[in-house]
Amino acid sequence: MSTPEPDPTVGRLSEGAILRRILDRLAPSRAEVGPGDDAAVIAVDGGPVVATVDTLVHGPDFRLAWSSGYDLGWKAAAVNLADVAAMGARPVALLVALAMPDDTRVSFVEAVADGLRAACEALAPGCAVEGGDLTVSDTLTIAVTALGALETAPVRRSGARPGDVVALAGAAGEAARGLGLLFARFRDPEGTPVAVDDVLLSPSERDAIAAQLRPHPPIALGPAAARAGVTALMDVSDGLLLDATRMADASGVTLALERAPLGPDVDTALTGGEDHALLATFPPGTPPEGFRAIGVVRERGNEAVLVDGVPYAGRTGWDPYRDWDSARG
């Protein structure tokens, strides 16, 4: 048996292992919902507040050759709005921190602001950027904190019960297909990203790339699901199979998924990330409008997730560092 390294580098550990080391050193959470879900729920005077934060870094999260400032602002807002919606909450505010190299054009920064505003107006009307921070960095980075208000009790990923219907709202695999097109079609012989030429793309390919660069998560369906009696809910950012496994483990059940509702490219639908769909479980019956049934919840068995009754053979999900070719900004 090998001896564990006393002080390994972060590059040798998984995200989960690093997170465990951080949480072990922090004071115990006093929040209504603490670390381990899509967002925290913090009790304050006047009612609980949902809070979440996500960071996009040039290299492992986006490439300037492919993303405009508008794209970056839109995506930074969308991925955070999705985490608020995944708690059954309504997004109400964003706080944005932007770290930029000195040679960043002001027009690019203005485009980021335009994208942030447009995403809020389109995906979460009434939500707006209410503050933030600017600083310099060798690597372009945008970090967004999103705040949300609850009309019901927060919905967690741990409430799925045997007999529930497993349902999905939003795309499955489109963003990953778009990223595959970017890497396959828009890099030079040395592998350096080059600008996207829409003329070279079919309509379906343009849609897939748009799903990667400007995702449209179904934000309004988070609160709607909460009002409809959803039992468990989460944002699908790391692939349907991996996030379904997280829900199954949190709930102590098995999610039995079906291939047919996932479309012709089942493997990409199961393992592709960054769609920011909403995975939900509802009491038996037809899921509410906007959700489509993709399986059922069973008593916990040997596997957390089954696909057409058997364990899935293949990679389990999305790794942003690996799937963005491990390049740094």
Side-chain angles (χ1 to χ4, degrees), residues 8-19 22 52-80 82-83 94 96-113 115-116 119 132-146 174-197 208-215 217 235 237-239 242 268 271-276 315 317-329:
T9 62
V10 295
R12 295 177 64 84
L13 298 177
S14 68
E15 180 183 13
I18 297 168
L19 183 59
I22 294 172
T52 186
V53 62
D54 200 5
T55 304
L56 299 180
V57 180
H58 185 251
D61 295 307
F62 66 93
R63 303 288 164 82
L64 287 175
W66 298 333
S67 292
S68 65
Y70 187 96
D71 293 332
L72 180 58
W74 179 289
K75 186 169 184 176
V79 300
N80 282 277
D83 279 335
L94 301 182
V96 180
L98 188 59
M100 301 166 287
D102 288 330
D103 61 359
T104 304
R105 297 289 183 184
V106 171
S107 59
F108 180 88
V109 181
E110 292 171 338
V112 170
L116 287 163
D133 185 44
L134 296 176
T135 189
V136 294
S137 171
D138 290 337
T139 302
L140 180 63
T141 302
I142 182 169
V144 177
T145 297
E174 273 295 281
R177 191 166 77 90
L179 186 60
L181 287 167
L182 291 173
F183 275 111
R185 305 270 292 278
F186 299 102
R187 292 192 295 173
D188 66 18
E190 285 71 44
T192 302
V194 298
V196 176
D197 185 348
I209 289 177
Q212 168 58 229
L213 302 182
R214 297 185 194 177
D235 166 45
S237 56
D238 295 330
L242 180 55
T268 303
T271 63
E274 301 195 320
D275 282 305
H276 301 285
R315 74 175 191 172
W318 177 263
D319 181 329
Y321 181 65
R322 176 198 64 203
D323 292 315
W324 276 86
D325 81 355
S326 305
R328 303 296 179 96

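Computed from heavy atoms alone, side chains included, the values below leave out hydrogens, waters and symmetry copies.
- Considering all non-hydrogen atoms of both residues, Thr52 and Asn80 come closest at CG2-O, 3.8 Å.
- Residues Ile142 and Thr55 fail the side-chain proximity criterion, which asks for heavy atoms closer than 4.5 Å.
- Using a 4.5 Å heavy-atom cutoff, the side chains of Arg187 and Val194 are not in contact.
- You'll find the side chain of Ser237 stays beyond 4.5 Å of the side chain of Val79, heavy atoms only.
- Interatomic distance, His58 NE2 to Leu72 CG, rounded to the nearest 0.5 Å: 9.5 Å.
- Of all heavy-atom pairs between Ala78 and Pro217, the closest is O-CG, 3.7 Å.
- Counting heavy atoms from C-beta on, the side chains of Phe186 and Leu181 never come closer than 4.5 Å.
- Closest non-hydrogen pair, Val57 versus Phe62, comes out as C-CE2, 3.4 Å.
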Criterion salt bridge (Lys or Arg N to Asp or Glu O under 4.0 Å) on Lys75 and Glu274, from CA distance to verdict: CA-CA 10 Å; Lys75 186 169 184 176; Glu274 301 195 320; 3.4 Å; yes
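- For the pair Asp188 (side chain) and Thr192 (backbone), a donor-acceptor distance under 3.5 Å is present.
- The backbone N or O of Ser67 lies less than 3.5 Å from no partner atom in the side chain of Asp71, so there is not a single donor-acceptor pair.
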As a quick check of understanding, evaluate side chain to side chain contact (heavy atoms under 4.5 Å, CB included) for Val144 and Val53, giving each step before the final call. CA-CA 6 Å; Val144 177; Val53 62; over 6 Å; no
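- When all heavy atoms of Met100 and Val109 are compared, the pair lying nearest together is SD-CG2, 3.4 Å.
- Shown here is Asp197, whose CG atom has more than 12 heavy atoms of other residues, nucleotides or ligands within 6.0 Å.
- Considering only heavy atoms from C-beta on, Thr141 stays 4.5 Å or farther from Leu56 through its side chain.
- How far CG of Leu182 is from CD1 of Ile209: 4.5 Å, rounded to the nearest 0.5 Å.
- If you take CZ on Phe108 and CG on Leu98, they are separated by 8.0 Å, rounding to the nearest 0.5 Å.
- The minimum heavy-atom distance linking Trp66 with Leu179 is given by the pair CZ3-CD1, 4.4 Å.
- Contact record, Asp275 with Pro215: O-CB, 4.5 Å, taken as the closest heavy-atom pair.
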